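Right, one structure below, let's go through it.
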Amino acid sequence: MSVPPSLATPYRTHTCGALRADDAGTTARLAGWVHRRRDYGKLIFIDLRDRHGMTQVVIDAADAPEAHETATRLRSEFVVGFQGEVALRQPGTENPKLATGAIELQARSVTILNEAKTPPFYVNEPDAPIDESVRLKYRYLDIRREQMQRRLVLRSRLVQAIRQVHHDNGFVEVETPNLIKSTPEGARDFIVPSRLQPGTVYALPQSPQQLKQLLMVAGVDRYFQIARCFRDEDMRGDRQPEFTQLDLEMSFVDEPALMAFVEQMVIEVTHATAPERPFREVPFPVFEYAEAIERFGSDKPDVRFAMQLFDVAPALTGADGTPASGFRVFDETLGAGDRVKGITAPGLGGATRREIDELTETAKRFGAKGLVHLAVEAGGELGGPIAKFLAPDTRLAIRELAQAGEGDLILLVADRAATTNDVLGRLRVDLAARLGLADPDELAHCWVHRFPMYQWDAEGGRWDATHNPFSGVLPDDESLLTTVSGDLDDRSPDDPAGRARAMQYDIVLNGWELGGGSIRIWDPTLLARSFNLQGYTLEQMRERFGAILEAFEYGAPPHGGIAIGIDRWAALLSYQTNIREVMAFPKTQSGSDLMLEAPSPPEESQYSELGLRFVGAPQRP
Ligand code: ASP
């Protein structure tokens, strides 16, 4: 154990969380904020708070009349200094919930260091409901609250542990600039007009991707950075226009070596940051993308609970493989080459009509045309509106595929493969939340890898990189990086490229994509091929990725990396589902900073210096 640093200053001998029974009889000076004040006339009690804790201070008119006189003026959130004697509390009045609860400071003198207006919300009520916009406008008061302090401290420990583990493993921390050229990660760029070169702009990095790869060409070997990234996209609970990534890149690694380092790093960092949280499974389970979709209906499966998707087709087809269930929707779906799949909700067999309607509505909101339900009744028979259409054998086979027992509810979706998987995948998460299937303490990591390299972009007539335009292709699939005609400019949805799998991996935690990365294409010819399939002309390639293409002609080592969202990681370790809860100064859904009132119109002179003119906001249709 390291010795805690002394936080003594001219204002205090101790913090508000430090004094214990052992200190009784000594004198101490404390400084902090008035958390609560109880005025009993001759006796005034103050709960004095700082980040480190709280100490009860008592000011007795009989012992210290002058201090008592000053203390009558104290109000919530005043900043105060006290000096006095540490004393054991009266027997029976100790507060076991408080680390300092055995003692109190009997004040001899009181100094009001600063007064405070009445805050717009109770800083001292942890459970008071406060509108988030008020919290964001007065973030400095919000952060005074214990839960925010706790989260920011956890986040600080997280970053400290990340730095430690990387330094221990031969990484160099390198800062990369924020004023750069566009590095696409699938979002819109934020741009910054240049004053010195009118008519040109910098882009804020969506990630340091190109720069970290250039650092590998530069021989840095192992790089990491706590990097700020900027992406102009619509916001959700797990997104912000600027966010922080642990960005890393390693040379002379293949996919297993990289994943092994990252997994070990994640384990060590978690132990250092939140040692009490149990891991569900180590080593982390690894799923191929196609398998994750098939089993969990998601490429970021929450593996804290099972409830896996099952294929109903074997129960619905005859011996010759033709659909013969007797239920038209199923037969037509399978006949068209689409999918019928299901999940089993344990114990929901007795769901009321209203609950079933609600589930059906949810499934429709997720994109399903409908939701079929079958309840396992007493004796194992299946009940539900469509049960009568199905032969007894079919019903039995469905129940077996569903691994459903008495009292369970089987939910089925029949649709195109992508819709079926997606709807059931979301329903799985939704039901698990309703049924409380996940242990909230548990940390369930997994890897998903071998994503498709590309997806067809019909509008652009090109193969869009699914993740990162620099991702490498699995060596086995390298020959697929081509088109039907062999001409890379003549692309179509049937091209072999659509079947190529990338050396790309995501790390998932409790159903959230924590991070993702890839082993890169380091061979300039193959990279040019991949860019070509992505629809970049030679000229566009030079313009957008000129530096990297050129650098690769000077000897690029095999390399790969990953980026892990620090905001998401800190949120999950703090039991939060919204990353704003672990960011000191986040923005609202519409991208506003309510405290600083940003964004705001520029000064007239800023326009002219930049050679810009505002021509009005685009009309919304
Ligand atoms: N640059 C990627 C991202 O920000 C991560 C990586 O491939 O290393 O998502």
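Start at 1 and go down the list; that is how both ligands and their atoms are numbered. This is a predicted model, so every value here is computed, not measured.
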Under 4.0 Å to a heavy atom of [X] - the qualifying atoms of ligand 1, by number:
X      : answer
Ser207 : 1 (N), 4 (O)
Asn468 : 1 (N), 2 (C), 7 (O)
Gly517 : 6 (C), 7 (O)
Lys212 : 6 (C), 8 (O)

- Item | CA sep, side-chain torsions, deciding dist, call: Phe252, His559, ring-ring contact (aromatic ring centres under 6.0 Å, His included) | CA-CA 6 Å; Phe252 304 110; His559 62 285; 9.5 Å; no

CD1 of Ile130 to CZ of Arg145, rounded to nearest 0.5 Å, is 3.5 Å

The protein heavy atom nearest to atom 5 (C) of ligand 1 is Gly516 O, 3.3 Å

For atom 9 (O) of ligand 1, the closest protein heavy atom turns out to be Glu185 OE1, 3.6 Å

- What is the ring orientation for Tyr454 with Trp463, classed by angle as parallel under 30°, tilted 30 to 60°, or perpendicular over 60°? tilted

key: Ion pair check, Arg304 and Glu442, cut-off under 4.0 Å   = no

At under 4.0 Å between heavy atoms, what of Arg520 touches ligand 1? The answer is side chain

Under 4.0 Å between heavy atoms, the region of Ile562 that gets near ligand 1 turns out to be backbone

Checking Trp447, Phe296, Phe451 against Phe287 for ring pair (Phe, Tyr, Trp, His ring centres under 6.0 Å), the one that qualifies is Phe296

Given the options Trp522, Phe552, Phe531, Phe470 meets ring pair (Phe, Tyr, Trp, His ring centres under 6.0 Å) only with Phe531

Any heavy atom of Arg231 sitting closer than 4.0 Å to ligand 1? yes

So is Gln245 touching ligand 1 or not, going by heavy atoms under 4.0 Å?
yes

Please check if atom CZ in Arg542 has more than 12 non-hydrogen atoms from other residues, nucleotides or ligands closer than 6.0 Å.
-> no

